[in-house]
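Owing to the predicted nature of the structure, the values given are computational and were not obtained by experimental measurement. Order of the sequence lines sets the chain letters (A, B, ...), proteins ahead of strands, with each chain counted from 1. The basis for the numbers below is simple: all heavy atoms, side chains too, and nothing from hydrogens, waters or symmetry mates.
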Amino acid sequence: MSANTPLRSAPGLPLKISNVSKSFATNRDVRPVLTDISITVNRGEFVSLIGPSGCGKSTLFNILAGLDRADSGEVVIDGVTLPLTGSAKRFRHRAAHCAYMPQDDVLFPWRTVLDNAILGLQIAGTGRAEARARARDLFPAFGLTGFEDAHPEHLSGGMRQRVALLRTVLQGTNTLLLDEPFGALDSLTRTDMQDWLHGMWRDMGWTILLITHDIREAVRLSDRVIALTPRPASVRGIIELSRPRGDGFEPSITSQEMMRAETTLTTLLHNT
Amino acid sequence: MSANTPLRSAPGLPLKISNVSKSFATNRDVRPVLTDISITVNRGEFVSLIGPSGCGKSTLFNILAGLDRADSGEVVIDGVTLPLTGSAKRFRHRAAHCAYMPQDDVLFPWRTVLDNAILGLQIAGTGRAEARARARDLFPAFGLTGFEDAHPEHLSGGMRQRVALLRTVLQGTNTLLLDEPFGALDSLTRTDMQDWLHGMWRDMGWTILLITHDIREAVRLSDRVIALTPRPASVRGIIELSRPRGDGFEPSITSQEMMRAETTLTTLLHNT
Amino acid sequence: MDISRAVRTVRRLLPAILLGVLLLVGWELYVRISGVRPQILPAPSRVFAQGIAHSSDLWRHASATLQVTLIGCSLTLIVSWLIATAVDFIPWFRLSVTPFLVASQTIPIVAIAPLMIIWFGFGTLPKVLVIILVTFFPITLGLIEGFLTTSPTATALLTSMGASRWQIFYRLRVPQAMPRFFTSLRIGVTYAVVGAIFAEYVGARAGLGLYMSAQKNSFRTDLVLAAVALTALMSVALFLFTYLVQRIVAPWTVVTGKDTRG
Amino acid sequence: MDISRAVRTVRRLLPAILLGVLLLVGWELYVRISGVRPQILPAPSRVFAQGIAHSSDLWRHASATLQVTLIGCSLTLIVSWLIATAVDFIPWFRLSVTPFLVASQTIPIVAIAPLMIIWFGFGTLPKVLVIILVTFFPITLGLIEGFLTTSPTATALLTSMGASRWQIFYRLRVPQAMPRFFTSLRIGVTYAVVGAIFAEYVGARAGLGLYMSAQKNSFRTDLVLAAVALTALMSVALFLFTYLVQRIVAPWTVVTGKDTRG
Amino acid sequence: EENDGDGSTVRFALDWTPNTNHTGFYVAQEKGYFADAGLTVETIDYNNVLPDTLLDAGHADFGVSFHDASTLAQASGARVVTVMAVLQNWASAIGIAANNTSITRPADLDGTTYAGFGEPAEIPLLTQVIKNDGGTGEFDSVVLGTQSYEALYSGDADFVIPFFTWEGVEAERRGTPMTYFRFTDYGVPSAYSVVINASRDWADAHPAESAAFVQALQKGYQYAAEHPDEAADILLEANPDLLTDEKIVHESQRLLSSTLMMDAQGTVGTLESERWAGYANFLFDNKLLSDADGNPLAERPDWDTYFTNKYLAD
Ligand SMILES: Nc1ncnc2c1ncn2[C@@H]1O[C@H](COP(=O)(O)OP(=O)(O)OP(=O)(O)O)[C@@H](O)[C@H]1O
Ligand SMILES: Nc1ncnc2c1ncn2[C@@H]1O[C@H](COP(=O)(O)OP(=O)(O)OP(=O)(O)O)[C@@H](O)[C@H]1O
Ligand SMILES: Cc1ncc(C[n+]2csc(CCO)c2C)c(N)n1
Ligand SMILES: [Mg+2]
Ligand SMILES: [Mg+2]
């Protein structure tokens, strides 16, 4: 598979979340975290989820990534319905429909950049040599050429995020779940990485669902921004952004439409 | 001293940094960090410093706060010139002209909120009872009433920052050095805290020098934004912002002037 | 509320208790079935019964051991605070002291304890010295490392307020060191009891060590084991006691079991 | 480059070496001036000279001790990996095992070592068991805690990739546990030597412990101390050896001394 | 810790947990012989440090020792001196399990395993006995201390050197009797076995008190020799928690009293040159004696300086 081969792509909606609810049993009571969430993501779309801290965003991702199960509702990924019941173990093995990238990059210090990238492939049973060859093909596109044998501690924050994204992409699904991928970066690097991610998304044809705290990040990158309420999370509002926007995606330019969207979102999120 | 008594205020410029340079000797070579920096802050002004990570912003603050010394140049705070030579110890005791608030709030878990607030007073030799009384007076203005005896771990991130700021303010100087005070907060809380800080600044007559990574934060809050080059830091450009701006400081509104300023700053900082 | 906490504690301890009971029952059965002589391996029931029968002796010796242990621990505390403070104030001192702390752990006490008796006689001194030798290392190292956990930012904050080195020490570094200090204190007191037993084993007028040694020479394996069990109990009691002290001295370091996830 | 590193190392060690020399000189002077008899306190020069004079004996016994130590450590490694792995896979097992690990540290080996000989004869077995008793706790606990340092996010990542519990264990938890494991291994090997000495002290055919006990009975305090010094050397050598192993097995955990501030 | 009082307090160090080798001491204590002599006596219980070491280091004034241990200690410069004999002949012997039919004489011990205390004289003594019986004197040895006896019963070891008057009686009572080969039957000189040593420095500084102490002690042992059952009861009463088997104590004491404690004149405690020199020469000839520097003694010492009768009753 070369760098530009389109990734496997099944027909239909890649992601459909219908009326999902979830609560956790704590020592004292039952804590509802998600109530009746419905979200649809079309193929090739870039959708952002934004909501106050602790509202339940990561919990939703855990459900999508097969790490946890909803109490009710339905999740369909690439035409496959995730089960609501059954042993956690059986359930887990059916996962990996979408590739999940956690907030901190979670690169393993004991693996080189190349070996970090192939982690998902190895877990899926691909041989090391083949996995490495496939990863190498993508290094130029990710701007990582020359760093194959470096160890993560020698990379800058932005580079680390690119390795983490490469690892996610190599899992072989083009539906990506990104949980605050740039939360740990400083503002300037963050903007650079947003530009880069946007470019990659445009070129590679990925479907992206992104969690963020940052209104501006959501607005800059997404086709659609979904604002959530505080816990228990439910959908408070959805903002569609046209593309090309005013002057197209020009990273350092703040367009009128973006400004309006930001204002709307700020109001939505603050007046709780 | 009651909440609204103006703080001690000497005549003249509160802060004048002239041609300051500084380098660190590392194991291998000499690493220049600041080259020929000159900054003037007028009384009651809100000035932001923005620059890439590692460029030398905190080093400059360390010099201002008396934690470190410049190699050359002159720093005058409230009419007092900081010495360039002399033992670190003697030097240190002359410090505390300006109150310094570090990036993470550095609240002590073994102290209650009230006792955290009076830390600077205690260090300066004020008795505990008197210090507490003075601190209590300011609790309403900081929105901390009722939390006097709480321990910091029970506060939200935004509240913790307010306690840290209260501690800074109680040191009795109205020149505040804030090193990325909101870096650890999520975007939504961050915006709230910016609004709050701006309000306090306006009401209390402080002089603030703020370090930030965030272009938007700088633009929202400041009278003047100073952009620094990557290490070794020197002043790359200065942007003055008028006040009231278009529609005044209305936190959730993005004005035209701000947008222009952001664009200028982004260009300044990115095209290195 | 409190009842549910007790229930939880018991439930957490249950597997351990079960395993313990299982081991004891297995041991008892083995002894009964194999008919091994009590001089070689007494049944736990016998150890218990004989321990009860000789409980006044055991208590007398245990209290002597406890006394030495407490004196030793107190002195270790004083010495280790002094050294750790000195190390904290004079950095090069750290480089000279740490290797000795590590080396002190490599000295076989079996060999040194008799020499201590030769040098310092039968009083409390040699025993206390053995205890210090055993406990000094973990506690001092814990303190030194505890001081070092202080964040540079907090130090910078205090310095910017004009704090002296001494103010930084007692307002910041000391409270900051508390969690590590208590962790190492817990290790320390456990070793202290064993160290005291040790020292008494090679020379004492009273104490569980002396008792064990004498009972061993009289082929009373059951009483040796009863004393061993008592020693373990004492160690565990001291171990738990440090939690109490910690709760009083440094309450903020104690996890309250509150749900911190919101 | 390498020379400057060597110079730095020496400079770091200098205070410790100086303090060591000072102590030795003080001791020597005390002995010479006070005229205390060598049976009671031999001068360090005498300990050294006699140690050299009896070096062939000392080496023979040291090699016996070393052998037992290595066997004991290897077995401890096997057992502690097995137990720690089991604990990692079966959470309730942890609750039942940890109290026993802690309790094992409160058992006075002085009292147990002779019983071990009664139970298991005087071959290698009882000595190895004593070593296991001494080293098992720190190493197993280090491993268990090491596994627990794994971040939930990393686990979630692997799980989302469809990894089995076993894959998560060996691809993530094992490498993650390495720093803790080596820290505890260092503590473990140090105690192992002391434990071996211990076991030999109460019964053996050869070994430094036996040698010490015999020399004690022959009023040769100088040779006892020579053996003590050799024991300490052996412990330190094993201690340093673990760094070598760590550099080979888990190079990423070794701080390279590179300036990480950029 | 130094005993720098007026000499009226005497510290007495035991070599082992209380046993019948100590009966005389407890008799003197209980019957007030020490008190009558104006002495307060403090017992230092045994704890893995040799009494001679304690005497030498000044932590005890008198203590129980052995003929060989005392000779070795003095050769190596320890400031101790033997002031009284508790026994007039060996109370220890080579012991094998009585049911061990493969060993019928010392020569059969070649190639078997000895378990002992690691005392310096053990191996040469055994080698001598075996050689004198026609064996090669080559056997395996292991140091197990008290555990030696368990090793013998379990068959892990083949022979030991017990006090047949103590461990031997115990073994018999336990149903695991031993058979003995007496040292003197195989060409080893007779020896004083258990003796009382004094700190030379303390004794020199307190000659009167030393004499008073030794004579009171001697009186106690004399009583024990003459009244074994009463003496045994005194020992039992003095150590209720350590001595629980009355039969063993009585049997042991009778054995000691009847065969080992008194010299030809019926006196307890006397030391004489010839017997001392006999076993001491054996130690010297086997190169067991070395000086303070660990060099083997080049010249035969004057044995008469190693012990003294001057504190004993005339
Ligand atoms: N296993 C669990 N048991 C109990 N409560 C849980 C559990 N996991 C999450 N929660 C609770 O669910 C809520 C939502 O958690 P979640 O991590 O999904 O929030 P989030 O929106 O991702 O927050 P953030 O923006 O801080 O990452 C939190 O209040 C948390 O305390
Ligand atoms: N004591 C020191 N010795 C050597 N180098 C130092 C020292 N302190 C800081 N530096 C170097 O000086 C440079 C500037 O550091 P500084 O902390 O001032 O950066 P900064 O602009 O505050 O960065 P950030 O935005 O990440 O906080 C960094 O490259 C750092 O490595
Ligand atoms: C009752 C009694 N049993 C054993 C010893 C130990 N011990 C010390 S020296 C020695 C060998 C005798 O020459 C032995 C066996 C003792 N002291 N008293
Ligand atoms: Mg989250
Ligand atoms: Mg900084």
Side-chain angles (χ1 to χ4, degrees), chain C residues 11-20 23 39-41 92-100 102-115 118-119 187 190-191 193-198 200-202 208-209 212-213 215-216 221 224-225 227-229 231-236 239, chain D residues 11-20 23 39-41 92-100 102-115 118-119 187 190-191 193-198 200-202 208-209 212-213 216 221 224-225 227-229 231-236 238-239:
Chain C
R11 195 176 288 162
R12 276 174 54 91
L13 290 179
L14 209 64
I17 293 170
L18 279 180
L19 184 60
L23 287 176
Q39 286 90 340
I40 294 179
L41 184 67
W92 65 259
F93 196 50
R94 175 158 176 254
L95 292 180
S96 52
V97 162
T98 339
F100 286 88
V102 176
S104 75
Q105 292 307 286
T106 67
I107 291 176
I109 328 161
V110 250
I112 287 294
L115 295 180
I118 297 179
W119 297 331
I187 299 175
T190 315
Y191 289 170
V193 181
V194 178
I197 298 288
F198 228 110
E200 290 164 357
Y201 206 82
V202 292
L208 284 175
M212 288 177 195
S213 146
Q215 296 303 338
K216 182 200 76 168
T221 306
V224 172
L225 285 178
V228 167
T231 310
L233 272 181
M234 252 169 68
S235 303
V236 171
F239 185 87
Chain D
R11 198 176 285 161
R12 277 174 54 90
L13 291 178
L14 208 65
I17 294 171
L18 278 180
L19 184 61
L23 288 175
Q39 285 90 339
I40 294 178
L41 183 67
W92 66 257
F93 196 50
R94 175 156 177 255
L95 291 180
S96 53
V97 161
T98 339
F100 286 88
V102 176
S104 76
Q105 292 305 287
T106 67
I107 292 175
I109 326 158
V110 252
I112 287 295
L115 296 179
I118 296 182
W119 296 332
I187 300 175
T190 315
Y191 289 171
V193 180
V194 178
I197 298 288
F198 227 108
E200 290 164 357
Y201 206 84
V202 291
L208 283 177
M212 287 177 195
S213 137
K216 185 195 75 167
T221 307
V224 173
L225 286 178
V228 167
T231 310
L233 272 181
M234 251 168 70
S235 304
V236 170
L238 277 179
F239 185 87

Review point. Quick one: of D:T231, D:I118, D:V194, D:L95, who has the most non-hydrogen atom pairs under 4.5 Å with chain C?
Key: D:L95
**Study point:** Max heavy-atom pair count under 4.5 Å with chain D, selected residue of C:G209, C:P99, C:A111
**Key:** C:A111
Study note, to complete from the structure: Okay, D:F93 and chain C: the region with an atom under 4.5 Å from a heavy atom over there is neither
Review point. Between atom CG of D:L13 and atom OG1 of C:T98, what is the distance when rounded to the nearest 0.5 Å?
Key: 10.5 Å
Practice item. Tell me, for D:L14 versus chain C, whether the close heavy atoms (under 4.5 Å) come from the side chain, the backbone, both or neither. Key: neither
**Study point:** Structural part of D:L18 lying under 4.5 Å from a heavy atom of chain C
**Key:** neither
Revision key, fill the gap. Highest number of heavy-atom pairs under 4.5 Å with chain D among C:W92, C:F100, C:F239 belongs to C:F100
Review point. Taking D:I107, D:V236, D:L115 one by one, which has the highest count of heavy-atom pairs under 4.5 Å against chain C?
Key: D:L115
Practice item. With a 4.5 angstrom heavy-atom cut-off, could you sort out which part of D:P108 is near chain C: side chain, backbone, both or neither? Key: both
Point to revise | For the student: nearest non-hydrogen atoms of C:V228 and C:M212, plus distance | key: N-CE, 3.7 Å
Review point. Most heavy-atom pairs under 4.5 angstrom with chain C, which of D:A103, D:S213, D:G20?
Key: D:G20
Check your understanding: Are the aromatic rings of D:F198 and C:F198 close, with centres under 6.0 Å apart?
Key -> yes
Review point. Any sub-3.5 Å donor-acceptor pair from D:S96's side-chain atoms to C:A16's backbone N or O?
Key: no
Point to revise | Greatest number of heavy atom pairs closer than 4.5 Å to chain D - which of C:G195, C:S235, C:P15 | key: C:P15
Exercise for review: Flag the one option from D:L41, D:V193, D:I109 with the top tally of heavy-atom pairs under 4.5 Å to chain C.
Suggested key: D:L41
Practice item. Determine whether D:T221 and D:I40 make a side-chain contact, defined as any pair of heavy atoms from C-beta on separated by less than 4.5 Å. Key: no
Check your understanding: Hey, which of D:I187, D:V97, D:T190, D:L208 has the most heavy atom pairs under 4.5 Å with chain C?
Key -> D:T190
